[in-house]
Amino acid sequence: MKMRNVFAAVCLMAFAVLGLSSCDKEEEEAKVSNIELAKAHLNGEAVLSTTAFMNDFNLTRLPEGCPVKYKLAWDKEVLIVKIVNFRFGSMPFPINFGCRTKLEDVTADDKDAPKGDGWMKISGTDGCFAMPGTEIGDYRKDSGATVKGYYNAKSREIEFTIDFNLGPTMPIIAKCDRQVVDKNRLKNYDAEMKEFEKKFNEAKEKEKQHGGK
């Protein structure tokens, strides 16, 4: 009987220690700010599924969009987002774009912000769309190009829209619907791109059969 009581006491002590450890870990994570968490994960390269639109026409032809490789770097508290030499299908020229963005915790008056903890607002203005052969900067005065969206520092989910502001003759935007920033996608980028191009060509062929170009 005594042995049984001792065993029960040891079990209770073990559960208490585990419980305290779990609380300590949660308190440690709570001390880390969202911007610190963002800096730790949003860096280097990341592949995100992105859909490009001209007016309401989906240039990627696919609802899930196209795998796009983004370059992410920090300049103190500013996140620099770049797309370098991206091209697919019969695009007349590659996309080269850079923008300086700020990430700030969402506020209660931000009615467009997703619900839940950890969300930060992404906002960048006067981005730089570079034509082939020119330097890819991250700022162009009065360009009007913007990056707007949200990032969750805890779940690593992201969503944003890039308005390249190329004028009324080329009203192109890029939309990144909500998804997790998964660095493992870098390993499979070539395979993802190959699969996308296959589906893209199939969609183009169907368009031709129905009188499209």
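Since the model is a prediction, treat every value here as computed from it, not as a measurement.
Under the 4.5 Å side-chain contact rule for hydrophobic residues, Leu166 and Phe160 share a cluster. One hydrophobic cluster, built from ILVMFWY side chains closer than 4.5 Å, holds both Met54 and Val68. A continuous path of Ile, Leu, Val, Met, Phe, Trp and Tyr side chains, each step under 4.5 Å between heavy atoms, connects Ile35 with Val181, placing both in one hydrophobic cluster.
A donor-acceptor pair under 3.5 Å links the side-chain atoms of Ser143 to the main chain of Gly127, judged by distance alone. Checked by atom type and distance alone, the side chain of Asn55 never pairs as donor or acceptor with a backbone atom of Phe57 at under 3.5 Å.
Ion pairing between Lys175 and Glu159 fails under the 4.0 Å rule for side-chain N and carboxylate O.
The shortest distance between side-chain heavy atoms of Asp138 and Val78 does not fall below 4.5 Å. Side-chain atoms of Arg185 and Ser49, non-hydrogen and from C-beta on, do get closer than 4.5 Å to each other. Between Leu72 and Leu79, some side-chain heavy-atom pair lies under the 4.5 Å cut-off.
The line from CG of Asn43 to CD of Glu45 is 11.0 Å long, rounded to the nearest 0.5 Å.
The number of heavy-atom neighbours closer than 6.0 Å to CZ of Arg156, taken from other residues, nucleotides and ligands shown, is 12 or below. Counting non-hydrogen atoms of neighbouring residues, nucleotides and ligands closer than 6.0 angstrom, the CG atom of Asp117 reaches no more than 12 such neighbours. No more than 12 heavy atoms of other residues, nucleotides or ligands lie within 6.0 Å of NZ in Lys194, so this atom counts as exposed by the packing criterion.
Residues satisfying the side-chain hydrogen bond (donor to acceptor under 3.5 Å, both in side chains) test with Glu135, not counting sequence neighbours, are none.
Taking the six-membered ring where tryptophan is involved, the planes of Phe129 and Phe97 are tilted, since the angle between them lies from 30° to 60°.
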